[in-house]
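Positions are given from 1 along the sequence. Since we're looking at a predicted model, the values are computed, not measured.
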Amino acid sequence: MKIPCPSCKKLNVDAATCSRCGCELRALLAIAHAAGCEITLGENTLLAGSFQDAIEHAVRSWHLKHSPEAAKLAFLANVCAKKYHDALTWYHRAM
């Protein structure tokens with residue numbers, strides 16, 4: 001997983017510290033990992049037909065990391081739940 005250093009902006013791949021400036025990256029890695037886990041849980045609940053649960057997982061992931069994957073999951077789950085106004089909001093976030 002690529003994490004940009006908040007100090008010098010260098011992209012680091014699965015590193016606990018930035019290879020350029022030595023900035024601590026463990027917390028950012030943990031946040032990115034948690035956001036990815038929420039996406040996985042959301043995808044599984046969406047496939048199981050639990051649309052509201054999928055929306056909740058997507059929103060949790062979005063709050064951790066504003067990723068296109070979280071927005072796309074939220075969009076799909078809202079469409080499936082027939083919440084079209086909310087789906088439109090997530091569509092714009094995904095783009």
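Listed by first and then second residue, the salt bridge (Lys or Arg N to Asp or Glu O under 4.0 Å) pairs that reach into residues 28-41 are E38-R60, sequence neighbours excluded. Listed by first and then second residue, the salt bridge (Lys or Arg N to Asp or Glu O under 4.0 Å) pairs involving residues 74-87 amount to none (not counting sequence neighbours). Counting only residues at least two apart or on different chains, the salt bridge (Lys or Arg N to Asp or Glu O under 4.0 Å) pairs with a member in residues 19-35 are E24-R26.
For the pair S61 and A70, the tightest heavy-atom approach, listed with the atom from each and the gap, is OG-CB, 3.7 Å. For G42 against A54, the heavy-atom pair with the smallest separation is O-CB, 3.5 Å.
R93 pairs by the salt bridge (charged side-chain N to carboxylate O under 4.0 Å, His left out) definition with nothing, not counting sequence neighbours. Looking at residues two or more places apart in sequence or on another chain, you find a side-chain contact (heavy atoms from CB on, under 4.5 Å) between A34 and L64. With sequence neighbours left out, the side-chain contact (heavy atoms from CB on, under 4.5 Å) criterion links D53 to T45, S50, E56. With sequence neighbours excluded, the residues forming a side-chain contact (heavy atoms from CB on, under 4.5 Å) with F51 are L46, C80, A81, listed by chain and number. Here H66 pairs with W62 under the ring-ring contact (aromatic ring centres under 6.0 Å, His included) rule; sequence neighbours left out. With sequence neighbours left out, K72 forms a side chain to side chain donor-acceptor pair (under 3.5 Å) with no residue at all. Residues forming a side-chain contact (heavy atoms from CB on, under 4.5 Å) with T40 (at least two apart in sequence, or on another chain): N44.
Side-chain contact between K10 and P4 is absent, with no heavy atoms from C-beta onward closer than 4.5 Å. Using a 4.5 Å heavy-atom threshold, the side chains of P6 and C23 count as touching.
Remark: E69 CD to E43 CD distance equals 9.0 Å, nearest 0.5 Å.
Looking at N12, its side chain does come within 3.5 Å of a backbone N or O of S19 through a donor-acceptor pair.
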Item to check | C18 and S7: CA distance, side-chain angles, deciding distance, side-chain contact (heavy atoms from CB on, under 4.5 Å) verdict | outcome: CA-CA 9 Å; C18 177; S7 180; over 6 Å; no
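In the hydrophobic clustering, M1 connects to I3, L25, L28, L29, either directly or through intervening members, whenever side-chain heavy atoms lie under 4.5 Å apart.
Cluster annotation: L73 and V79 are assigned to the same hydrophobic cluster (Ile/Leu/Val/Met/Phe/Trp/Tyr, side-chain heavy-atom contacts under 4.5 Å, transitive). Grouping the Ile, Leu, Val, Met, Phe, Trp and Tyr side chains by contacts below 4.5 angstrom, directly or via other members, places I39 with M95.
Exactly one residue among V59, L76, I55 makes a side chain to side chain contact (heavy atoms under 4.5 Å, CB included) with W90. That residue is V59.
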